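Data first, discussion second: the structure below is written as structure tokens.
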Amino acid sequence: MTTPPFAPVRPVDLEVMSEQLGRPVRDVVGIAARCVCGNPTVVSTAPRLADGSPFPTFYYLTHPGATIAMSQLEAEGVMAEFTTMLAEDEDLAERYRGAHEAFLADRAQFGAVPEIEGISSGGMPTRVKCLHAVAAHALAAGPGVNPFGDLALERASWSPDRCVCADPGRAA
Ligand SMILES: [Zn+2]
């Protein structure tokens with residue numbers, strides 16, 4: 001778990017992430033989380049890309065095992081369940097607003113981008129729209145920051161503590 005300031009990005013990390021995503025990674029500002037083996041699991045990207053476009057998704061899940069696991073939970077209807085929890089539990093809603101603020105503060109360290117001001121990721125703070133996004137934030141920030149990211153990781157068949165990098169489908 002790593003929030004800014006980040007250690008310098010190593011060329012090998014860029015290679016591994018490009019392989020994980022099947023496309024070249026760009027505008028990387030840090031590795032926000034890693035597998036127990038050391039491979040990146042979450043990439044942090046500049047809020048304004050080199051081509052000038054705004055990029056709100058500061059924490060992005062790169063590990064195929066993790067993305068498969070989150071897609072599985074989404075297919076099982078977990079987002080609807082979380083959305084109901086968000087509506088019914090004021091304490092949880094308050095913590096989710098805190099996660100939104102923490103996310104924005106992390107990203108702000110890499111520059112203000114007016115087009116995405118106040119816009120975080122994954123539906124925060126009022127909706128749970130993408131488990132990949134909230135899980136990526138939770139992996140970066142560590143437990144206790146993003147409640148729905150924490151819950152998604154608890155439910156997931158994948159974990160950063162058990163390396164499946166050689167065969168990501170095995171976690172599923
Ligand atoms: Zn690994």
Side-chain angles (χ1 to χ4, degrees), residues 1-7 9 13 16-17 20-21 25-36 39-49 54-74 76 78-83 85-87 89 91-113 115-161 168 171:
M1 56 192 85
T2 313
T3 47
F6 297 118
V9 179
D13 290 326
V16 170
M17 290 189 297
Q20 288 173 331
L21 295 169
V25 285
R26 52 178 190 166
D27 302 293
V28 174
V29 296
I31 310 303
R34 293 180 185 274
C35 178
V36 68
N39 278 342
T41 57
V42 176
V43 65
S44 281
T45 304
R48 189 181 296 285
L49 305 180
F55 193 79
T57 313
F58 187 62
Y59 294 119
Y60 191 90
L61 209 51
T62 62
H63 196 289
T67 57
I68 291 167
M70 290 306 142
S71 297
Q72 251 178 4
L73 292 178
E74 290 184 352
E76 288 163 12
V78 169
M79 278 192 294
E81 191 186 323
F82 284 0
T83 299
M85 290 166 70
L86 183 60
D89 186 335
D91 174 60
L92 194 55
E94 179 64 40
R95 286 161 54 209
Y96 199 46
R97 282 192 291 274
H100 171 71
E101 296 300 330
F103 179 106
L104 292 177
D106 290 353
R107 194 181 66 199
Q109 297 180 45
F110 296 88
V113 176
E115 298 98 311
I116 53 172
E117 195 181 336
I119 296 168
S120 59
S121 186
M124 291 189 278
T126 54
R127 291 192 290 169
V128 187
K129 266 175 50 185
C130 176
L131 296 184
H132 303 75
V134 293
H137 183 210
L139 286 168
V145 176
N146 191 311
F148 289 111
D150 288 346
L151 283 170
L153 288 169
E154 277 169 27
R155 299 261 194 107
S157 52
W158 173 89
S159 157
D161 301 326

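No hydrogens, no waters, no symmetry mates; every other heavy atom, side chains included, goes into these values. These numbers were taken from a predicted model, which means no experiment stands behind them. Residue numbers count from 1 along this sequence.
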Value rounded to 0.5 Å, distance of [atom1] in [X] from [atom2] in [Y]:
X: Y59; Y: T2; atom1: OH; atom2: OG1; answer: 8.5 Å
X: F55; Y: F110; atom1: CZ; atom2: CZ; answer: 14.0 Å
X: F82; Y: L131; atom1: CZ; atom2: CG; answer: 6.0 Å
X: C35; Y: H63; atom1: SG; atom2: NE2; answer: 5.0 Å
X: E101; Y: D106; atom1: CD; atom2: CG; answer: 11.5 Å
X: E81; Y: L73; atom1: CD; atom2: CG; answer: 9.5 Å

Side chains of [X] and [Y], heavy atoms from C-beta outward: is any pair under 4.5 Å?
X: L139; Y: L61; result: yes
X: S71; Y: H132; result: yes
X: Q20; Y: T67; result: no
X: Y60; Y: L21; result: yes

Spell out, as yes or no, whether a donor-acceptor pair under 3.5 Å connects the side chain of [X] to the backbone of [Y].
X: N146; Y: A99; result: no
X: T45; Y: D27; result: no
X: Y96; Y: R127; result: yes
X: Q72; Y: S157; result: no
X: S44; Y: I31; result: no

Evaluation steps, side chain to side chain contact (heavy atoms under 4.5 Å, CB included), between F148 and M85: CA-CA 10 Å; F148 289 111; M85 290 166 70; 4.3 Å; yes

Testing the basics here: between [X] and [Y], what is the closest heavy-atom pair and its distance to 0.1 Å?
X: A138; Y: D150; value: CB-OD1, 3.6 Å
X: S120; Y: P56; value: O-CB, 3.7 Å
X: V134; Y: G122; value: CG1-O, 4.4 Å
X: R107; Y: I116; value: NH2-O, 3.0 Å

Side chain to side chain contact (heavy atoms under 4.5 Å, CB included) between C130 and M70, worked out: CA-CA 9 Å; C130 176; M70 290 306 142; over 6 Å; no

Residues, nucleotides or ligands: over 12 heavy atoms within 6.0 Å of E76 CD: yes

Stepwise side chain to side chain contact (heavy atoms under 4.5 Å, CB included) check, L153 with W158: CA-CA 8 Å; L153 288 169; W158 173 89; 4.2 Å; yes

Stepwise side chain to side chain donor-acceptor pair (under 3.5 Å) check, H100 with T126: CA-CA 9 Å; H100 171 71; T126 54; over 6 Å; no

